[in-house]
Chemist: 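Sharing a structure here in structure tokens format.
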Protein chains: 2
Amino acid sequence: MKEVLPHFNSTFSIDCVLFGFDEGELKILLIERNEEPFKDWWALPGNLVAMDESLDQSAARILHELTSLSNVYMEQYYTFGDVNRHPQGRVVSIAYYALLRLGGDKSPKPLSTYAKQAHWINVKELPKLAFDHQQIFDKGLEKIKRRIKHQPIAFELLPEKFTLTQLQNVYEIILNKKLDKRNFRKKMLSFGVLKDLEEKQKGVSFRAATLYKFDKRRYAKLFGKEISF
Amino acid sequence: MKEVLPHFNSTFSIDCVLFGFDEGELKILLIERNEEPFKDWWALPGNLVAMDESLDQSAARILHELTSLSNVYMEQYYTFGDVNRHPQGRVVSIAYYALLRLGGDKSPKPLSTYAKQAHWINVKELPKLAFDHQQIFDKGLEKIKRRIKHQPIAFELLPEKFTLTQLQNVYEIILNKKLDKRNFRKKMLSFGVLKDLEEKQKGVSFRAATLYKFDKRRYAKLFGKEISF
DNA sequence: TTAACATAGTGTATTTTTCACACTGAAATT
DNA sequence: AATTTCAGTGTGAAAAATACACTATGTTAA
């Protein structure tokens with residue numbers, strides 16, 4: 001039987017794909033490992049699950065350690081358990097993705113021992129990843145592609161106040177295709193879950209667009225009805 | 001720290017919701033436990049994952065031990081990891097569902113030690129379940145409800161040759177609503193993934209219906225296009 | 001043999017949704 | 001005042017979804 005990892009009496013871990021949206025780019029947070037195995041490789045942030053924390057708590061902790069953020073939209077999406085996915089033992093990893101608003105100085109924390117650095121990296125320019133993390137990322141991206149079609153998750157990537165163009169941008173980048181502006185607006189507004197803030201964008205060097213916010217109350221009242229793109 | 005279970009050096013398990021369809025009813029396989037904790041309770045079939053098997057293999061093994069079946073449609077759908085979900089220690093459980101064709105003598109095997117008996121039970125008449133198995137079942141049912149709308153999984157619950165009425169039945173029971181016969185047939189046939197076998201149902205005491213089979217080749221050629229109900 | 005029964009199988013009209021498509025308007029910059 | 005940049009808007013055509021009820025065929029039992 002294989003050697004079990006030290007430190008925790010536990011053989012399962014969490015890996016997180018932290019998605020962030022900034023200036024029209026979809027990025028994820030990667031760390032550069034400072035420990036074997038895969039020392040100096042880029043990897044998804046992750047950690048062993050402590051004995052006294054639930055999976056959700058563990059994922060939230062990892063996110064918090066890196067970004068100091070709490071109350072972020074996170075979702076468990078798959079568990080990876082191939083026998084040899086970790087070279088030092090049997091580690092089953094439960095994958096989560098998170099969606100968060102970048103911009104401003106949401107830079108990740110300096111990391112003590114287990115990573116040299118952490119950076120937001122455009123999903124179109126990912127380096128080679130440690131372990132089976134490429135596979136974990138792929139499945140996570142696929143997941144949000146499916147989910148954005150039916151669930152109001154795009155708003156999690158935007159600031160509270162956003163323009164319709166920014167919203168369309170999120171859809172276009174995640175779905176990886178151009179959408180028609182008029183049709184997008186018509187459909188999006190028809191769901192009745194956006195609140196017109198009667199307020200304009202600021203600091204742009206052209207005509208300012210109207211700001212909207214996502215109205216959770218109204219969304220909750222839709223019940224069965226589904227958003228669909 | 002809590003005591004870890006004996007027998008396996010592993011603290012994760014698989015639980016399976018085995019769905020079967022028979023005579024218009026959706027059923028799952030439940031076992032009556034023969035061991036503490038929850039001795040004499042009904043539970044989902046499950047087991048600890050061995051160190052040398054992947055999660056998928058483990059799920060397939062559990063299914064096989066109960067039904068002698070292999071090559072069944074199974075899918076991992078969620079991992080349950082609350083700290084206290086198992087009274088004797090920290091056990092994270094990865095949930096799978098399977099879809100299989102009942103009818104004939106697909107009765108579950110006699111079980112040696114860990115269960116007294118196993119039965120197919122209508123999902124509308126479930127007893128109280130051990131552990132957090134009600135929650136695991138609920139999420140599994142929810143999952144196939146979503147999935148049947150876009151993926152060709154209904155066929156997994158039917159014999160190879162089936163009538164359109166039987167197929168409609170599967171949809172109605174899983175989606176839990178009546179569908180219009182003419183619209184259902186029109187739409188289903190329009191996907192072009194059913195092969196008319198030019199053959200009639202046998203042994204019925206009324207006009208026999210045409211038999212169809214699901215044509216995987218044609219489905220594969222649809223690529224992006226999605227089935228949608 | 002025929003009447004009763006049970007389910008198979010079929011078409012159309014209406015409404016709703018999707019899709020394709022291009023210009024004018026407002027604000028800022030030079 | 002001219003230029004630039006993006007905001008914002010409507011219509012017609014095609015496709016898809018929905019609502020709806022009768023005839024056809026085979027079996028069974030009188």
Side-chain angles (χ1 to χ4, degrees), chain A residues 23-25 103 148-150 154 158-159 161-173 175-213 222 224-229, chain B residues 21-25 103 148-150 154 158-159 161-173 175-213 222 224-229:
Chain A
E23 304 188 5
E25 291 186 350
I148 203 174
K149 289 189 183 174
H150 302 290
L158 290 170
K161 302 174 179 190
F162 53 83
T163 68
L164 287 176
T165 300
Q166 288 168 339
L167 184 59
Q168 183 175 344
N169 239 294
V170 171
Y171 275 87
E172 289 184 339
I173 281 165
L175 295 178
N176 198 29
K177 68 174 178 194
K178 274 254 160 250
L179 300 173
D180 178 83
K181 184 157 73 158
R182 280 173 292 189
N183 293 338
F184 178 84
R185 286 167 179 241
K186 210 185 313 168
K187 193 183 218 176
M188 185 55 77
L189 291 172
S190 77
F191 296 133
V193 298
L194 294 188
K195 183 168 187 177
D196 183 336
L197 294 173
E198 304 188 344
E199 189 185 339
K200 299 280 172 183
Q201 207 177 14
K202 278 180 184 147
V204 286
S205 67
F206 44 81
R207 176 179 177 187
T210 300
L211 292 169
Y212 291 83
K213 72 183 265 240
L222 293 185
K225 285 169 216 159
E226 261 198 349
I227 284 172
S228 172
F229 267 92
Chain B
F21 187 78
D22 187 22
E23 303 188 6
E25 291 186 349
I148 203 174
K149 288 188 182 174
H150 303 290
L158 291 170
K161 301 174 177 189
F162 53 82
T163 68
L164 287 176
T165 300
Q166 289 168 339
L167 184 59
Q168 184 176 343
N169 239 296
V170 171
Y171 276 87
E172 289 184 338
I173 282 167
L175 295 178
N176 197 30
K177 69 174 178 192
K178 274 254 160 248
L179 301 172
D180 178 83
K181 184 157 74 157
R182 279 174 293 191
N183 293 339
F184 178 84
R185 285 166 180 242
K186 211 185 311 169
K187 193 184 218 176
M188 186 54 78
L189 291 171
S190 78
F191 296 134
V193 298
L194 295 188
K195 183 168 187 177
D196 183 336
L197 294 174
E198 305 189 343
E199 188 186 339
K200 298 280 174 183
Q201 207 178 13
K202 277 181 185 146
V204 287
S205 67
F206 46 79
R207 176 179 178 189
T210 300
L211 292 169
Y212 291 84
K213 73 183 265 240
L222 293 184
K225 285 169 215 158
E226 262 199 349
I227 283 173
S228 173
F229 267 92

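Bear in mind that the values here come from a model prediction, so they are computed numbers and not experimental data. Labels below follow one simple rule: chain letters A, B, ... track the order of the sequence lines, proteins then strands, and each chain is numbered from 1.
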Chemist: For A:T210 and A:K200: C-alpha separation, side-chain torsions, deciding distance, then whether side chain to side chain donor-acceptor pair (under 3.5 Å) applies.
Modeler: CA-CA 5 Å; A:T210 300; A:K200 299 280 172 183; 3.2 Å; yes

Chemist: Drop me the distance from A:K161's NZ to A:K202's NZ, to the nearest 0.5 angstrom.
Modeler: 7.5 Å

Chemist: Would you mind telling me which residue lines up with the more 5' stretch of DNA chain C, B:T163 or A:K181, judged by nearest nucleotide?
Modeler: B:T163

Chemist: Whole angstroms only, please: what is the CZ-C1' distance between A:F229 and C:dT17?
Modeler: 13 Å

Chemist: In whole angstrom, what separates B:K202's NZ from D:dT27's C1'?
Modeler: 16 Å

Chemist: Give B:K187 one of three labels, base, sugar-phosphate or nothing, depending on what nucleic acid heavy atoms sit under 4.0 Å from its own.
Modeler: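 Here B:K187 touches the backbone only, sparing every base.
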
Chemist: With a cut-off of less than 4.0 Å, is there a side-chain N or O of B:R185 near OP1 or OP2 of C:dG9?
Modeler: yes

Chemist: Within this structure, what is the CZ-to-P distance between B:R182 and D:dC22, rounded to whole angstrom?
Modeler: 10 Å

Chemist: For the pair A:E172 (side chain) and A:L179 (backbone), establish whether a donor and an acceptor sit closer than 3.5 Å, ignoring hydrogens and angles.
Modeler: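 Here the side-chain-to-backbone pair exists.
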
Chemist: Base, sugar-phosphate, or nothing for A:T165, non-hydrogen atoms under 4.0 angstrom?
Modeler: sugar-phosphate

Chemist: Is the NZ atom of B:K187 crowded by more than 12 outside heavy atoms at less than 6.0 Å?
Modeler: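 Counting neighbours around NZ of B:K187, more than 12 heavy atoms of other residues, nucleotides or ligands fall under 6.0 Å, so yes.
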
Chemist: Is A:S205 close enough to D:dT4 that one of its side-chain N or O atoms is under 4.0 Å from OP1 or OP2 there?
Modeler: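 For A:S205, the contact criterion (side-chain N or O under 4.0 Å from OP1 or OP2 of D:dT4) is not met.
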
Chemist: I need the CG-C1' distance between B:N169 and C:dT7, as an integer number of Å.
Modeler: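 In whole Å, C:dT7 C1' and B:N169 CG are 12 Å from each other.
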
Chemist: Could you tell me the separation between the CZ atom of A:F206 and the P atom of D:dG8, rounded to a whole number of Å?
Modeler: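 My rounded result for the distance is 11 Å.
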
Chemist: Rounded to whole angstrom units, what separation is found between the NZ atom of B:K186 and the C1' atom of D:dA15?
Modeler: 13 Å

Chemist: More 5' along DNA chain D: A:A208 or B:S228, using each one's nearest nucleotide?
Modeler: A:A208

Chemist: The side chain of A:R207 is closest to which nucleotide in this list: C:dA22, D:dA7, C:dA8?
Modeler: D:dA7

Chemist: Do any side-chain nitrogens or oxygens of B:K200 fall under 4.0 Å of OP1 or OP2 in C:dG9?
Modeler: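 Yes, such a contact exists.
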
Chemist: Given atom CG of B:D180 and atom C1' of D:dT18, what is their separation to the nearest angstrom?
Modeler: 8 Å

Chemist: To the nearest Å, how far apart are A:L167 CG and D:dG8 C1'?
Modeler: 16 Å

Chemist: Please report the interatomic distance CG(B:L164) to CE(B:M188), rounded to the nearest 0.5 Å.
Modeler: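 Between atom CG of B:L164 and atom CE of B:M188 there are 8.0 Å.
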
